[in-house]
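Working notes, beginning with the structure itself.
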Amino acid sequence: MPNFQTEPLFQLIKSLTKSEKRNFKLYANRIGGKEEMKFIKLFDALDKMSAYNEQVILKKVPVIKRTQLSNLKAHLYKQLLTSLRLNHLQHNSDIQVREQIDHAKVLYNKGLYKQSLKLLDKTKELAKNTERNILCLEIIEFEKLIESQYITRSIGSRADELTDEADAIFKNIDRANAFSNLSLRLYGLYIKVGHARNEKDYYMVKEFFDTNVPDYRLEELTFSEKLYLYQAFVWYNHIVQDFLKCYKYAQKWVDLFNEKPEMLENEPFMYIKGVHNLLGTLFNLNYYNRFNEMMEAFQDYGRKVEAGLNENEKVAFFLYYYVNKINRHFMEGTFSEGLVLVSEIEDRIAEYNTKIDRHRVLVFYYKIASLYFGSGDSRMAVKYLNKIINLNVGLREDIHCFARILSLIAHYELGNDDLLEYQVKSVYRFIAKMEDLHQVQKEIFQFLKRLPKIYPEDLKKEFVKLKGRLQTHSKNPYEQRPFLYLDIISWLESKISNRPVQEIVQEKFNSRRH
């Protein structure tokens, strides 16, 4: 029997807001009819159910026969989409453009060619202003069809005009497509392997980028082309860990929207994503003041537009805002204060369960585990690290590796000596499969492997030695990545000085600000 995960109609109904449900009822009552009354009853039954069950539906709505249910479900699904389309029409320029193209098609079919062309011309301006280039090309092709069949104006000059327009739009689409393809493939590479691990990785990524980025003159690019170009540069520089250049292009990404605020209304998702990438780069660079300014601006933006965001945009804002709220606590060393976010995050993850991919959940678990570890609660840190270790999704090998290393440290802090030997073997099996392991990871693992055998009176001396070796590695640009995931230096300093990690990080934060 279909369930919540596999029944599309049930999923769609459960995704509706109160406003969307109310508008659907108004729409359904307007169209009337006997069959419509049946699908409204079906809608009401599904809306009240917590889990999809066809037996319950047939019992609660006896007017619906079993043989009718499949067709009624399909009909209800179609009517819901129609209602939602009308409901979202005023907020989506692309839906508006498509509707006007449909209207022009109706006029064309009625033989009202001049009216059709007039509407297409007006619609084309909307498509151009909002850079809906594919729709713009569709409009031009429709205009060409009408002009080629019916003499409505000076066909000679009009033919040149339309073909020039089509060539220009096609060029924009082709270039934007090349930039967006490059950006997507770089993102896919990052999700799979994370940052460049060595010179070989660096030159492989550089060659890939240089080979695939098309020739361009910045002053000739449209908003969309610049957006995808800056996105590609952000991912490229993030992967090769050139965070200063990453900051430069992330800022350009956000500035695009500041320079053309009308696009902010049409592309809020891309703006939210751009701000997140800018904040992530500021976090990596440890530029706290600028980070804090952007966080305040991001929060203000969220308050202003929350009611107007669609579900995708709301989910994106939640993901990116809360990740960066945690990052701010990492920068400040206020780990204990950051724990108040955990219940909020878990509630939202549950609420958006079907809309958040497991990679995002994995990132949250690691950050939550780090919050608990930094606050001194190693037991809760292990709980969240185990969620990562047991979540075998084939993604982010780097996070899985550091989750295991942090778990070893947390077990040591808990005094679980009996578990350490088993944990060490488990971690060893995992990292043995990894290619090009960082020297930092090797140093940490080898130290943790020896840790249970070190005499208590020798511990401080060994901590000092490891700290020295890691600080040497930290000067290597290809060894930066491990320190982004695990502040092992602060942990070592806490063991050496016998003080909480939180206190060490706060002390560093305060010294940087003075």
Determine yes or no for a side-chain-to-main-chain donor-acceptor pair under 3.5 angstrom, with [X] supplying the side chain and [Y] the backbone.
X: E346; Y: S343; result: no
X: N29; Y: K25; result: yes
X: T82; Y: K78; result: yes
X: R328; Y: N324; result: no
X: W253; Y: M270; result: yes
X: K14; Y: M49; result: yes
X: Q502; Y: S336; result: yes
X: D377; Y: F373; result: no
X: D174; Y: F170; result: no
X: E296; Y: E293; result: no

If we ignore angles and hydrogens, is there a donor and acceptor under 3.5 Å between the side chains of [X] and [Y]?
X: R290; Y: Q251; value: yes
X: Y27; Y: Q79; value: yes
X: T222; Y: E225; value: yes
X: K367; Y: N327; value: yes
X: N172; Y: N133; value: no
X: E332; Y: Y288; value: yes
X: Y321; Y: Q299; value: yes
X: E313; Y: N310; value: yes

Do you know which two heavy atoms are closest between [X] and [Y], and how far apart they sit?
X: I146; Y: L120; answer: CD1-CD1, 4.0 Å
X: Y228; Y: A176; answer: CD1-O, 3.8 Å
X: F269; Y: A316; answer: CE1-CB, 3.5 Å
X: A232; Y: L186; answer: O-CD1, 3.5 Å
X: A250; Y: V234; answer: N-CG2, 3.4 Å

May I ask you to check if [X] and [Y] form a cation-pi contact, with NZ or CZ under 6.0 angstrom from the six-membered ring centre and within 45° of the axis?
X: K387; Y: Y384; result: yes
X: K105; Y: F142; result: yes
X: K21; Y: F24; result: no

(message) Once side-chain hydrogen bond (donor to acceptor under 3.5 Å, both in side chains) is applied, do any residues pair with H88, and if so which ones, sequence neighbours excluded?
(response)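 For H88 the side-chain hydrogen bond (donor to acceptor under 3.5 Å, both in side chains) partners, ignoring immediate neighbours, are E20.
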
Is it true that, when you exclude [X] itself, more than 12 heavy atoms of the residues, nucleotides or ligands shown sit nearer than 6.0 Å to its [atom1]?
X: K122; atom1: NZ; value: no
X: R379; atom1: CZ; value: no
X: K355; atom1: NZ; value: yes
X: Y366; atom1: OH; value: yes
X: L285; atom1: CG; value: yes
X: E306; atom1: CD; value: no
X: E125; atom1: CD; value: yes

(message) Would I368 and L339 count as a side chain to side chain contact (heavy atoms under 4.5 Å, CB included) here? Give the steps.
(response) CA-CA 8 Å; I368 290 170; L339 293 175; 5.9 Å; no

Is it true that [X] and [Y] make a salt bridge, defined as a side-chain N closer than 4.0 Å to a carboxylate O?
X: D255; Y: K252; value: no
X: K260; Y: E131; value: yes
X: D94; Y: R98; value: yes
X: K325; Y: E344; value: no

Rounded to the nearest 0.5 Å, how far does [atom2] of [Y] lie from [atom1] of [X]?
X: S407; Y: N416; atom1: OG; atom2: CG; value: 9.5 Å
X: F291; Y: M331; atom1: CZ; atom2: CE; value: 5.5 Å
X: L385; Y: H411; atom1: CG; atom2: NE2; value: 8.5 Å
X: L84; Y: S15; atom1: CG; atom2: OG; value: 7.0 Å
X: D347; Y: E351; atom1: CG; atom2: CD; value: 8.5 Å
X: I134; Y: L137; atom1: CD1; atom2: CG; value: 8.5 Å

Kindly indicate whether the side chain of [X], heavy atoms from C-beta on, has any atom under 4.5 Å from the side chain of [Y].
X: I101; Y: I139; result: yes
X: L264; Y: Y301; result: yes
X: I173; Y: I169; result: yes
X: K124; Y: R132; result: no
X: M263; Y: Y271; result: no
X: F43; Y: L16; result: yes
X: H400; Y: I389; result: no
X: L135; Y: T123; result: no

(request) Take K110 and Q115, measure what side chain to side chain contact (heavy atoms under 4.5 Å, CB included) needs, and give me the verdict at the end. (result) CA-CA 10 Å; K110 296 288 289 181; Q115 288 186 42; over 6 Å; no

(request) Start with the C-alpha gap between F223 and F257, add the side-chain angles, then the distance that decides, and say whether ring-ring contact (aromatic ring centres under 6.0 Å, His included) holds. (result) CA-CA 9 Å; F223 176 93; F257 288 93; 5.2 Å; yes

Verify the ring-centre separation between [Y] and [X]: is it less than 6.0 angstrom?
X: Y247; Y: F243; value: no
X: F317; Y: F298; value: yes
X: Y190; Y: H238; value: yes

(message) Evaluate S93 against N266 for side chain to side chain donor-acceptor pair (under 3.5 Å), listing each step before the verdict.
(response) CA-CA 7 Å; S93 62; N266 291 302; 3.1 Å; yes

(request) Could you check Y187, F179, F209, F208 and say which one makes a ring-ring contact (aromatic ring centres under 6.0 Å, His included) with Y236? (result)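 Of the listed options, the one satisfying the test is F209.
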
